[in-house]
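Worksheet: the structure to be examined is printed underneath.
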Amino acid sequence: MAEADAIGFTSEKPDKMNSPLGKPDNSMVYNMNYKQKGLCLILCMETFHKDLKEKGVGARNSKNDKKELESIFTEMGFEVRLEENKTADDIENLLTDIAKEDHSGRGCFACVVMSHGDKDFFYASDQEYQIDALAEPFRGEKCKSLFGKPKLFFIQACRGNKVDSGVVKDAGDLTTTACKIPTECDFLYSYATPLGYFAWKIPGESWFIQSLCKMLKENWQKRDLLQILTRVNHKVAYDYNKKKQMPCFLSLLTKELYFFHKTDQD
């Protein structure tokens with residue numbers, strides 16, 4: 001048995017982390033060998049109630065983003081549901097109902113939000129909706145059929161009004177053994193921009209969603225999600241030149257996530 005050091009850490013790594021180089025340890029890869037990869041819910045706000053319009057929350061156009069999202073998630077094997085211009089109560093009810101569904105035949109859940117926003121919220125069609133509340137119906141044992149499976153949230157919305165002008169760069173699956181896991185386990189949040197910053201778009205599409213769809217299309221059959229999101233970061237950071245934008249993501253995943261069935265010969 002490994003001895004613990006002065007602050008309680010053992011010198012021996014868990015066996016699951018010690019697979020030989022070049023051979024993926026499938027115990028460290030989420031199982032995607034399901035009939036359906038997952039459910040992808042797209043929440044798109046383009047029109048807003050009068051009181052929000054009076055506060056400057058104007059209409060938006062996401063035509064191309066919706067088209068590309070539906071295309072790539074369908075290609076990857078997801079069931080895609082598009083919900084548009086929903087109120088805060090509508091969104092809460094939608095998420096609660098989805099959490100009550102039987103996801104035993106699905107590998108994961110994905111939710112994409114496109115709207116205006118600021119800091120820690122986005123706008124439903126009638127009022128603010130806290131980003132953190134999106135995940136609430138799926139936490140812990142509230143959605144048992146997604147327990148131990150990835151829950152992914154992609155947020156296209158401003159998180160402030162700071163503009164990044166850039167700087168000049170010089171040329172030079174669960175086992176059968178019972179276990180307890182953290183409530184926040186197996187979530188991932190991917191944002192168009194860091195807290196405090198503006199997220200750029202043009203009529204019909206946004207830098208972040210277009211880059212996400214392109215990188216998924218090019219890489220979903222060969223790279224894990226965190227590698228893909230790093231490529232999204234790179235594309236947005238370097239491919240747009242008038243102003244700058246830096247996507248970011250927070251991963252609470254506990255395994256590698258490939259949108260295909262990872263096998264020993266990979």
CG (N161) with more than 12 external heavy atoms under 6.0 Å: no
Is atom NZ of K214 surrounded by more than 12 heavy atoms (other residues, nucleotides or ligands) closer than 6.0 Å? no
For the ring pair Y240 and W207, is the centre-to-centre distance below 6.0 Å? yes
Check for a donor-acceptor pair, side chain of [X] on one end and backbone N or O of [Y] on the other, with a separation under 3.5 Å.
X    : Y    : result
K151 : K149 : yes
E92  : D89  : no
D224 : Y258 : no
R159 : Y197 : no

Should the pair Y123 and F48 be assigned to parallel (<30°), tilted (30 to 60°) or perpendicular (>60°) ring geometry? perpendicular
Mind checking what makes ring pair (Phe, Tyr, Trp, His ring centres under 6.0 Å) contact with F249, not counting sequence neighbours? none
By ring pair (Phe, Tyr, Trp, His ring centres under 6.0 Å) - contacts of F154 (at least two apart):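 F154: no ring pair (Phe, Tyr, Trp, His ring centres under 6.0 Å) contacts found.
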Gap between atom CD of E68 and atom OG of S206 - 0.5 Å precision: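 One gets 11.0 Å once the value is rounded to the nearest 0.5 Å.
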Quiz: residues 97-109 side-chain donor-acceptor pairs under 3.5 angstrom, not counting sequence neighbours:
residue, atom, partner, partner atom, Å
E101, OE1, R81, NH2, 3.1
E101, OE1, R106, NH1, 3.1
E101, OE2, R81, NH1, 2.7
E101, OE2, R81, NH2, 3.3
D102, OD1, S104, N, 2.9
D102, OD1, S104, OG, 2.7
D102, OD2, S104, OG, 3.2
H103, ND1, R106, NH1, 3.1
H103, NE2, I98, O, 2.7
R106, NE, Q36, OE1, 2.7
R106, NH2, E79, OE1, 3.0

